[in-house]
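Because only heavy atoms are used, hydrogens play no part in the values below, and waters and symmetry mates are left out as well, while side chains stay in. Counting begins at 1 with the first residue of the sequence. Note that the structure is predicted; figures quoted are calculated from it, not measured.
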Amino acid sequence: MKKIKLNYLGKNKNLLNNPDKCILDPIPNKNYNKNYLVRLTVNEFTSLCPITGQPDFAKFVIDYLPNKYLVESKSFKFFMHSFRNHQCFHEDCTIYIAEKLLKSIKPKWLRISGYWYPRGGIPIDIFYENKRAPKNIYIPDTGIKPYKGR
């Protein structure tokens with residue numbers, strides 16, 4: 001079996017503060033000829049507002065139909081954490097994450113749901129998918145209830 005070069009798994013690495021410097025490691029998918037869904041859930045995502053520098057918090061649910069590669073989980077964790085001190089608007093963060101995954105692992109289909117917690121009383125939720133959802137694949141609901149205030 002061909003040896004895979006991994007940038008994070010099994011290595012002692014420091015967390016980065018810039019998502020541009022993070023590498024999402026693709027790992028071979030032995031089941032690429034089968035259609036199945038992978039769900040990545042990030043419950044505690046943080047970034048900074050590019051204008052005020054105030055922290056923004058979100059929950060992400062990322063669903064993808066793998067092709068020849070899966071995303072290695074430690075590299076994904078390091079990537080998501082790298083936004084902690086990174087300044088970007090909600091929409092930019094959400095789309096950037098989707099595009100980085102698309103470029104790295106080239107899934108058959110990807111959907112990202114970004115649920116940003118309200119600041120100033122207005123929740124901003126961002127949804128993106130790279131193409132129409134595939135048929136004959138079970139895609140569960142994200143389980144996130146819309147923000148209804150107090």
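Taking CG of N85 as the reference point, atom CG of N17 lies at 4.5 Å (rounded to 0.5 Å). The structure places CD1 of I112 at 7.5 Å from CD1 of I95, a figure rounded to the nearest 0.5 Å. Distance check, rounded to the nearest 0.5 Å: NZ of K34 to CG of N29 gives 9.0 Å. Rounding to the nearest 0.5 Å gives a distance of 7.5 Å between CD1 of I144 and OG1 of T41. To the nearest 0.5 Å, atom CG of residue L9 and atom OG of residue S73 are 7.0 Å apart. Atom CG of N130 and atom NZ of K106 lie 12.5 Å apart (nearest 0.5 Å).
The side-chain heavy atoms of I23 and K5, taken from C-beta on, include no pair separated by under 4.5 Å. Side-chain atoms of L101 and I62, non-hydrogen and from C-beta on, do get closer than 4.5 Å to each other. Using a 4.5 Å cut-off on side-chain heavy atoms (C-beta onward), P66 and V38 make contact. Contact of the L40 side chain with the V42 side chain is not registered, since no non-hydrogen atoms from C-beta on lie closer than 4.5 Å.
Screening residues 10-60 for disulfide (SG to SG under 2.5 Å), with sequence neighbours left out, gives no hits. Each ring pair (Phe, Tyr, Trp, His ring centres under 6.0 Å) pair with one or both residues in residues 23-42, not counting sequence neighbours, would appear here, but there are none. Residue pairs that meet the ring pair (Phe, Tyr, Trp, His ring centres under 6.0 Å) test with at least one member in residues 7-30, sequence neighbours left out, are Y8-F78. Sorted by first and then second residue, the salt bridge (charged side-chain N to carboxylate O under 4.0 Å, His left out) pairs with a member in residues 58-76 read R39-D63, D63-R111; sequence neighbours excluded. Note on residues 53-99: pairs passing disulfide (SG to SG under 2.5 Å), not counting sequence neighbours, are C88-C93.
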Criterion side chain to side chain contact (heavy atoms under 4.5 Å, CB included) on N136 and N35, from CA distance to verdict: CA-CA 9 Å; N136 301 323; N35 282 340; over 6 Å; no
Can you list the steps and then say if L24 with S75 is a side chain to side chain contact (heavy atoms under 4.5 Å, CB included)? CA-CA 5 Å; L24 285 173; S75 71; 4.3 Å; yes
Take I27 and L6 through the side chain to side chain contact (heavy atoms under 4.5 Å, CB included) test and state the conclusion after the steps. CA-CA 8 Å; I27 56 173; L6 298 173; 3.8 Å; yes
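Formation of a donor-acceptor pair under 3.5 Å by the T142 side chain with backbone atoms of V61 is not found in this model. Remark: the backbone N or O of H90 is paired with a side-chain donor or acceptor of T94 at under 3.5 angstrom.
Grouped by direct or indirect side-chain proximity (heavy atoms under 4.5 Å, Ile/Leu/Val/Met/Phe/Trp/Tyr only), I139 sits with L37, L65, W109, I137. Apart from Y117 itself, the hydrophobic cluster it occupies contains F57, where clustering links Ile, Leu, Val, Met, Phe, Trp and Tyr at side-chain heavy-atom distances under 4.5 Å. Applying the under-4.5 Å side-chain rule to Ile, Leu, Val, Met, Phe, Trp and Tyr, the cluster around I51 extends to F89.
For E44, the CD atom is loosely surrounded, since the number of other residues' heavy atoms within 6.0 Å does not exceed 12. For Y69, the OH atom sits in a loose shell: 12 or fewer heavy atoms of surrounding residues, nucleotides or ligands are nearer than 6.0 Å.
Among residues two or more places apart in sequence or in another chain, the side-chain hydrogen bond (donor to acceptor under 3.5 Å, both in side chains) test is passed with K11 by none. For N67, the side chain to side chain contact (heavy atoms under 4.5 Å, CB included) partners two or more places apart in sequence, or in a different chain, are K108. For F127, the side chain to side chain contact (heavy atoms under 4.5 Å, CB included) test picks out S113, Y115, D125, with sequence neighbours left out. Take R84 and apply the salt bridge (Lys or Arg N to Asp or Glu O under 4.0 Å) test, not counting sequence neighbours, and it matches no residue.
The hydrophobic clustering, which links ILVMFWY residues whose side-chain heavy atoms are closer than 4.5 Å, places M80 and L48 apart. Cluster membership check: L102 shares its hydrophobic cluster with V71, using side-chain heavy-atom separations under 4.5 Å among Ile, Leu, Val, Met, Phe, Trp and Tyr.
Closest non-hydrogen pair, P28 versus L70, comes out as O-CD1, 4.4 Å. Listed here is the closest heavy atom pair of P26 and I4: O-CG2, 4.1 Å. Listed here is the closest heavy atom pair of N7 and K13: O-CE, 2.8 Å.
Relative ring orientation between W116 and F45 is described as perpendicular, the plane-to-plane angle rising above 60° on a 0-90° scale split at 30° and 60°. Aromatic ring orientation, F79 versus F76: tilted (interplanar angle from 30° to 60°).
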